[in-house]
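The structure appears right after this line, and notes come after that.
Here the structure is a predicted model, which is why all the values come from computation and not from measurement.
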Amino acid sequence: MPTKPTQLKQIYYPPIDESPDQSKFPAARYFQIHFEHLESQLSDMKLCLEKMQQQMADLYLQLSLLSPELTEPKHKK
């Protein structure tokens, strides 16, 4: 028997001491988790950027060793 989308909906039961208005706004824990995730993504991106910059520097060095004329600025005469 196929389930209906309404049956898949999670039911939230607020704690007894929580007011109904309070449950409509995300808890502070939600924001803490969200910002921890953003901070983690940011540090991963910084690490990837540093690795990419190092790889680009290595590639540029190899390129300059193989064909120096490609890496030297052209002088107009």
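Partners of Q62 according to the side chain to side chain donor-acceptor pair (under 3.5 Å) rule, which considers only residues two or more places apart in sequence or in another chain, do not exist here. Partners of D58 under the side chain to side chain donor-acceptor pair (under 3.5 Å) rule, at least two apart in sequence or in another chain, are Q54. Checked against side chain to side chain donor-acceptor pair (under 3.5 Å), E36 has the following partners two or more places apart in sequence or in another chain: Q32. The side chain to side chain contact (heavy atoms under 4.5 Å, CB included) search around L66 returns none, not counting sequence neighbours. Applying the side chain to side chain contact (heavy atoms under 4.5 Å, CB included) test to F35 and every residue at least two apart in sequence or in another chain returns F31, L38.
Taking 4.5 Å as the limit, some side-chain heavy atom of R29 sits within range of a side-chain heavy atom of I33.
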Give the C-alpha distance, both sets of side-chain angles, the deciding distance and a yes or no for side-chain contact (heavy atoms from CB on, under 4.5 Å) between K46 and L42.
CA-CA 6 Å; K46 282 182 179 181; L42 182 61; 4.2 Å; yes

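Rounding to the nearest 0.5 Å gives a distance of 10.0 Å between CG of L63 and CE of M56. Put simply, SG on C48 and CE on M45 are 8.5 Å apart, with the number rounded to the nearest 0.5 Å.
Around atom CD of E39, no more than 12 heavy atoms belonging to other residues, nucleotides or ligands sit under 6.0 Å away.
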